[in-house]
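Here is the structure we will look at.
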Amino acid sequence: MALSGLDIYKLLPKTNCRECGFVTCLAFAMQLAKKTVSIEKCPLLSQESKNILEASSQPPIKLITIGEGEDKFSIGNENVLFRHEEKFHNPTAVGFIIEDALSESQIKEKLAKINSLRFERVGQLLNVNLVAIKQTAGKDKFIKAVQLVSGGTKLGLVLMSDDADALNAALEITASKKPLIYKATNSNAAEISKIAFKYKVPLVALESDLEKLSLLTKNLNNQGASDLVLDTGRKTLPEKIWDLTQIRRQALKKSNRALGYPVITVTNSNDPYEEVIEAATYISKYAGIVLLQNCEPGLILTLLTLRQNIYTDPQKPLQIEPKLYPVGAVTNKSPVLVTTNFSLSYFTVLGEVEASKVPAYIVSVDTEGMSVLTAWAAEKFTPEKITDSVNKFGVKETVSHKKIIIPGYVAMMSGDLEETSGLEIIVGPKEAAGLPSFLKNL
Ligand code: SF4
């Protein structure tokens, strides 16, 4: 757990020698607490104090990386229980299980469907992260499925097998992709940890009871497996939420290093709708990885949208660069619409302008990422601000007409805006959905 400035001060030599560049040890301690300096700056620090300070600066939930290349991703390294306290850092990895009992064509078909799960929303790419190959039959069938999946995707891999021989053979093929091994338990820890250590890959530790799980992670650490992901096995939804919450609390509030790892969850339901609800609950409450069976694009998009929202910094709304955006084959006669630089506002307007097939310009005003009404109420979307943007982005030089269209919700500012901008103000629809018919009839 992070130490306070005073806690750190107690560990320093207290000589005020200034070799660290600070006037006093206390000043240095305060900066260490804020993580703006390194402990290396103090040459007089004892090894014992150094060890304590290094241990306290480790993240309470270990950062685990799975995969290689551009599609690799990391989970863990979270510092808070509640998003509003700071932010959640590493989004839950979403993956899909492919059982080796499927035929070759079925595996290829499901894999192609998983690979195509990429969406763009408010200017960000939303994608899935993992394919898990699950052994349900003999070793040969598992290896064949691993070969097919490994050769057919850039996504991260999970190797789900209790058979050490099968895992060894699968890692001969896939180790360079740094897959996650699922799973070690207290009964096979020695055997499976050797494999994880040999191939330097992360490993899932599974025990249903949290005390047994703590013992297992300590045991695995002693055997050289330190990149761990936790699982508490198949349980009801409330039981899983309890486990996920307790593990997060133990890691953050009790500094329980044995449970300081991200958690993997595997959905229970076979119904695609229930499964997505279950997965959404796990994403909301601390899962580092969620594995599902079904991969219907419409349902997965809802899941990825939820994840995008949960992992957005609550203090920094998603925003785009404020500027003049041309949409379609614009000319100097094209209409000019004004909106804010809140991503959702801009991309909603953009989608409707594109749907209208009327080429147009969009002025995105810097409202610090606030939506139209919020920005208006906060005095960030005022006649003066809009006029500044219109002038700064060269609207009057870009189009020959002297008109701009403002959102219907801020119709009340049209008189003042006309005065400050010197332009004719046209009041557009309140909702972006009204833009296509509005633009066609303009
Ligand atoms: S170098 Fe170390 S002992 Fe000297 S003032 Fe800085 S913190 Fe204190």
Side-chain angles (χ1 to χ4, degrees), residues 1-4 7-8 33 35 51-66 74-93 180-187 189 192-193 196 202-268 278-291 307 310-311:
M1 193 158 79
L3 297 176
S4 70
D7 291 334
I8 295 171
K35 298 190 171 66
N51 292 345
I52 297 171
L53 288 171
E54 276 172 353
S56 76
S57 65
Q58 297 294 319
I61 298 174
K62 190 166 184 186
L63 185 75
I64 304 293
T65 301
I66 299 168
S74 298
I75 50 173
N77 202 14
E78 303 295 347
N79 300 313
V80 290
L81 272 174
F82 304 107
R83 178 176 169 265
H84 63 261
E85 292 173 324
E86 184 184 297
K87 66 178 252 190
F88 292 163
H89 293 274
N90 290 297
T92 311
L180 174 66
I181 303 179
Y182 187 101
K183 62 195 177 328
T185 61
N186 274 317
S187 54
I192 303 291
S193 63
L203 170 64
V204 173
L206 186 149
E207 280 296 335
S208 62
D209 175 85
L210 295 192
E211 277 190 24
K212 285 185 184 159
L213 187 58
S214 300
L215 287 176
L216 174 59
T217 61
K218 285 177 192 163
N219 186 7
L220 291 169
N221 281 176
N222 291 338
Q223 297 185 49
S226 57
D227 280 357
L228 303 179
V229 176
L230 310 180
D231 189 4
T232 58
R234 203 178 168 95
K235 295 188 182 182
T236 64
L237 186 59
E239 285 169 343
K240 286 303 273 188
I241 295 304
W242 171 263
D243 286 352
L244 283 157
T245 308
Q246 288 309 312
I247 289 171
R248 175 75 73 115
R249 290 191 74 86
Q250 283 286 322
L252 297 187
K253 302 293 179 195
K254 307 285 180 195
S255 303
N256 184 347
R257 290 263 164 217
L259 293 177
Y261 300 95
V263 182
I264 185 171
T265 53
V266 182
T267 54
N268 283 325
E278 194 185 340
T281 314
Y282 296 150
I283 289 175
S284 307
K285 275 290 178 190
Y286 312 136
I289 298 176
V290 177
L291 293 182
R307 182 182 71 175
I310 289 175
Y311 282 85

Side chain to side chain donor-acceptor pair (under 3.5 Å) partner of Glu86, chosen from His84, His89, Arg83: His89
Quick one: side chain to side chain donor-acceptor pair (under 3.5 Å) partners of [X], sequence neighbours excluded?
X      : result
Ser74  : Thr65
Asn77  : none
Ser187 : Thr185
Glu239 : Thr236

Is there side-chain contact between Tyr282 and Ile241, with heavy atoms separated by less than 4.5 Å? yes
Note, Leu180 side chain near Ile264 side chain (heavy atom, < 4.5 Å): yes
For Lys285, all residues meeting salt bridge (Lys or Arg N to Asp or Glu O under 4.0 Å), sequence neighbours excluded: none
All salt bridge (Lys or Arg N to Asp or Glu O under 4.0 Å) counterparts of Lys235, not counting sequence neighbours: Asp243
Checking [X] now: which residues fulfil side chain to side chain contact (heavy atoms under 4.5 Å, CB included) with it, not counting sequence neighbours?
X      : value
Val263 : Leu230, Leu244, Ile247
Leu81  : Glu85, Arg248, Arg249, Leu252, Lys253, Tyr286
Ala251 : Ile61

Can any side-chain N or O of Thr265 pair as donor or acceptor with the backbone N or O of Asp231 at less than 3.5 Å? no
Check step by step if side-chain contact (heavy atoms from CB on, under 4.5 Å) holds for Tyr311 and Asn90. CA-CA 7 Å; Tyr311 282 85; Asn90 290 297; 5.5 Å; no
Listing request: all side chain to side chain donor-acceptor pair (under 3.5 Å) pairs with a residue in residues 219-230, at least two apart in sequence or in separate chains. Lys62-Asp227, Ser193-Gln223, Asn219-Gln223, Asn221-Tyr261
Enumerate the residue pairs fulfilling salt bridge (Lys or Arg N to Asp or Glu O under 4.0 Å) with a member in residues 202-222, sequence neighbours excluded, ordered by first and then second residue. none
